[in-house]
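Here the structure is laid out as C-alpha cells; the discussion comes afterwards.
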Amino acid sequence: MKKIWILGGGIAGIEAAISLRQNGFDVSIVSNRDFLFIHPISIWIPTREKEFEDVCLSLDELAAVHGFDFIVDEVVGIEASKSSFALKNRGVVSYEYLVIALGGDKLDYEGIKNTTSICARPQDVLTIRDRIDELLLQGGGKIAAGFAGNPIDTNGVRGGPAFEFIFNIHNMLKKKKLRDKFELVFFAPMETPGQKLGEKVAKDFVRFFNKIKITTHFGKQIVGFSKNEILLEDGSKLDADFTMFIPGRCGHAMLKNSDLPLSESGFIKINSYCQAEGFENVFAVGDITSLDGPDWRVQQGHMAEVMARNAAFNIFSIENGSDARRSYLEQMNMICMLDMGDSSSLIYRDSKREFSVPMPLIGHWLKKGWGRYYRLSRLGKMPRIPGA
Ligand SMILES: Cc1cc2nc3c(=O)[nH]c(=O)nc-3n(C[C@H](O)[C@H](O)[C@H](O)COP(=O)(O)OP(=O)(O)OC[C@H]3O[C@@H](n4cnc5c(N)ncnc54)[C@H](O)[C@@H]3O)c2cc1C
C-alpha cells in the first residue's frame, strides 16, 4: 500500500489518519505540537471547569493505537507540482499522496495584541483563564467578548465560541454570587450576529442577552483595539478590563509559500472530493479549505471529520481503480451544540431542514460528555458512534 503524508494533527488530520489506516495505508503525520487540542471543549478552561490537559490528546498515544508514524516539525512550504513539502528541521520530503489539515489563520487588526482569542493558539486559552482569575481576585470588572467575520469570505467566521465564552462567564459569576460585580459586554459588526445558526436562533440570542443583562453592541465595524478599548468605525469606543475577541478567519499563512490554488482569502480551493484543484494526489480537509455550499456553511470539527473520511475513501478508490467518490457537498450540514453555561441549544441545518432544540441542563452535560467520548473513542477505548 502507498504511503500517505498528513500535514496537521488536529481533528481533521487525525480523522484522516484513522480512516486511511483502516483502509490499510501506510500513514505519517507531521504536526507542530505533540497533542491534538480538542477545541470544542476548551471553552471550559477559562471558567476552570476543565484543565488544559483535559483538552489535549497525545499524538504519540493515537499513533500507537492506530499504527501511524508521527513527527513533530513545522511545515514551511508545499510544492505540489513537484509532489514535495518542506519541513523546518527535516528539509524537503516527497510524497505520493498528501492530505493537508493544518487549520486556518486569523485576520490582523490594529492593536490586536490588546485582545486574546479563544480560537487561536492553545496556550492563549490559559492567558484568558489567568486574566479572568485576576479580575475575580480584584472583585469585579468589565469583560467584553466579540467576534468578526472576513469581509471578503463568508467562510471566514467563527462566532459560536464567543457566545459560549460569555454565557459560561455569566454562569460562573452567578455561581460565585459575583455577577452583580461584573459588567459583561458582547460585540460584533453584524446587525444580528449568529445568522448562520438560523434566524430564529439569532433572535433568541438577542432575547437571552437581554434576559441575563449582557450589554450588546452590534452593527458597527471593528477598526481596532487599544489598551482596554474596542475601537469602532464611527469613532466610538467600548471600554473593558479584558477583551476576548475572535477575529475573522483566513487561510493558513504558510500557504503563501506553496503553489496550491488559493481563494481570495487564502483558503485552499478544493473540488467536492476534497482534492486541491489541479492536483489529483493532494487532498485538503478541515479549516484550511475554502468550502462551497449554502451561505450558512461553516468550518466545523464535524465537517472536518466528514471531509477527512471522504478524502480517505476517495484515495482508496483511486488506488483501487474505482470510480466511486464521496462529495462533502452531499453531506453538508451544521450540527452545533452551543453551550450556554448551564444548558445548551442543539442547532441543526441542512439543505432541507433547520431547527434548534433548547436542552436545559442535560445539553450542557451532553457536550461535556462528548469531550470524554471523543477522547476515549479516538483512543479505541470505546466504540465510535456513527456521525459523532
Ligand atoms: C473554541 C472553539 C470551539 C469550537 N467548538 C466547536 C463545536 O462545538 N463543534 C464543532 O463542530 N466545531 C467546533 N469548533 C471548530 C473545530 O474545532 C474546528 O473546525 C476543527 O478543530 C478544525 O480541525 P482542523 O484539523 O482542520 O484544524 P485544527 O484543529 O486547527 O488543527 C490544525 C493542526 O495543524 C497543526 N499545524 C498548524 N500549522 C502547522 C505547521 N505549519 N506545521 C505543522 N503543523 C501545523 C496544528 O498544531 C494542529 O494540530 C470550535 C473551535 C474552537 C476554536
Side-chain angles (χ1 to χ4, degrees), residues 37 39-56 106 109-148 158-189 193 205-206 208-218 220 222-232 235-247 338-343 364 367-368:
F37 197 62
H39 287 289
I41 57 168
S42 67
I43 51 166
W44 294 301
I45 293 177
T47 50
R48 290 198 172 270
E49 290 165 84
K50 288 253 179 257
E51 293 301 325
F52 189 79
E53 302 71 46
D54 300 334
V55 177
C56 300
K106 52 188 189 321
Y109 294 74
E110 199 187 316
I112 190 78
K113 65 176 187 338
N114 294 294
T115 72
T116 316
S117 172
I118 200 162
C119 291
R121 300 168 310 166
Q123 60 266 40
D124 291 342
V125 188
L126 293 176
T127 308
I128 298 175
R129 182 195 68 187
D130 294 347
R131 196 64 197 102
I132 302 286
D133 278 355
E134 280 168 24
L135 291 172
L136 286 171
L137 264 181
Q138 203 177 288
K142 190 165 176 181
I143 299 171
F147 71 100
R158 174 157 292 147
F163 289 101
E164 292 181 308
F165 169 79
I166 204 77
F167 293 150
N168 275 286
I169 294 290
H170 160 82
N171 206 52
M172 175 195 70
L173 294 172
K174 217 172 76 179
K175 275 198 206 146
K176 291 182 184 291
K177 302 202 184 323
L178 285 172
R179 182 61 181 91
D180 58 332
K181 306 280 185 247
F182 281 83
E183 198 178 329
L184 300 185
V185 175
F186 196 81
F187 63 99
F205 280 148
V206 174
F208 193 59
F209 279 131
N210 288 336
K211 186 176 158 200
I212 62 176
K213 296 188 170 53
I214 294 176
T215 316
T216 53
H217 296 272
F218 297 150
K220 287 183 191 168
I222 299 150
V223 292
F225 303 87
S226 62
K227 193 167 162 42
N228 298 340
E229 279 177 336
I230 300 141
L231 314 175
L232 303 174
S236 62
K237 297 170 182 178
L238 308 175
D239 65 305
D241 296 305
F242 172 69
T243 303
M244 193 297 293
F245 174 63
I246 305 175
L338 200 116
D339 190 55
M340 302 174 90
D342 54 0
S343 60
H364 174 72
K367 183 149 182 166
K368 282 203 164 137

So how far is it from [X] [atom1] to [Y] [atom2], rounded to the nearest 0.5 Å?
X	Y	atom1	atom2	answer
Leu238	Thr215	CG	OG1	10.0 Å
Phe245	Thr115	CZ	OG1	7.0 Å
Leu135	Phe182	CG	CZ	5.5 Å
Asp124	Ile45	CG	CD1	11.0 Å
Asp130	Glu134	CG	CD	7.0 Å
Ile169	Leu184	CD1	CG	7.5 Å

Going through the distances and angles, do Asn210 and Val206 end up as a side-chain contact (heavy atoms from CB on, under 4.5 Å)?
CA-CA 6 Å; Asn210 288 336; Val206 174; 4.2 Å; yes

**Atom NZ of Lys50 with >12 non-hydrogen neighbours under 6.0 angstrom** = yes

(Q) A quick test of your reading: do over 12 heavy atoms of other residues, nucleotides or ligands sit less than 6.0 Å from CD of Glu110? (A)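 Counting neighbours around CD of Glu110, 12 or fewer heavy atoms of other residues, nucleotides or ligands fall under 6.0 Å, so no.
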
Looking only at heavy atoms, what is the nearest atom pair of [X] and [Y], with distance?
X	Y	answer
Cys119	Arg158	SG-CD, 3.8 Å
Ile230	Ala144	CD1-CB, 3.9 Å
Ala120	Lys106	CB-CE, 4.1 Å
Ile118	Ile43	CD1-CA, 3.9 Å
Ile246	Ala162	CD1-N, 3.5 Å
Pro247	Ile112	CG-CD1, 4.1 Å

How about [X] and [Y]: do any of their side-chain heavy atoms sit closer than 4.5 Å?
X	Y	answer
Leu136	Lys176	yes
Thr243	Asn114	no
Ile41	Lys368	no

Look at the side chain of [X] and the backbone N and O of [Y], then say whether any donor-acceptor pair between them is shorter than 3.5 Å.
X	Y	value
Arg179	Ile212	yes
Asp241	Lys142	yes
Asp54	Glu51	yes

Evaluate the ring planes of Phe147 and Phe163, with Trp represented by its six-membered ring, and classify them as parallel (under 30°), tilted (30 to 60°) or perpendicular (over 60°).
tilted

Review point. Which class fits the ring pair Phe209 and Phe167: parallel under 30°, tilted 30 to 60°, perpendicular over 60°?
Key: tilted

Next on the checklist: For Lys174 and Asp342: C-alpha separation, side-chain torsions, deciding distance, then whether side-chain contact (heavy atoms from CB on, under 4.5 Å) applies.
Outcome noted: CA-CA 11 Å; Lys174 217 172 76 179; Asp342 54 0; 4.0 Å; yes

- Can you check side-chain contact (heavy atoms from CB on, under 4.5 Å) on Ser226 and Leu231, steps first, answer last? CA-CA 7 Å; Ser226 62; Leu231 314 175; 4.0 Å; yes

**Prompt:** Can you check side-chain contact (heavy atoms from CB on, under 4.5 Å) on Asn168 and Glu49, steps first, answer last?
**Reply:** CA-CA 10 Å; Asn168 275 286; Glu49 290 165 84; 3.8 Å; yes

inquiry  = Using a strict threshold of under 4.0 Å (side-chain N to carboxylate O), is an ion pair present between Asp133 and Arg48?
reply    = yes

* To do: Give a yes-or-no answer on whether the side chains of Asp339 and Trp44 include a donor-acceptor pair shorter than 3.5 Å.
  => yes

Less than 6.0 Å separating the ring centroids of Phe186 and Phe165?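 No; Phe165 has its ring centre 6.0 Å or more from that of Phe186.
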
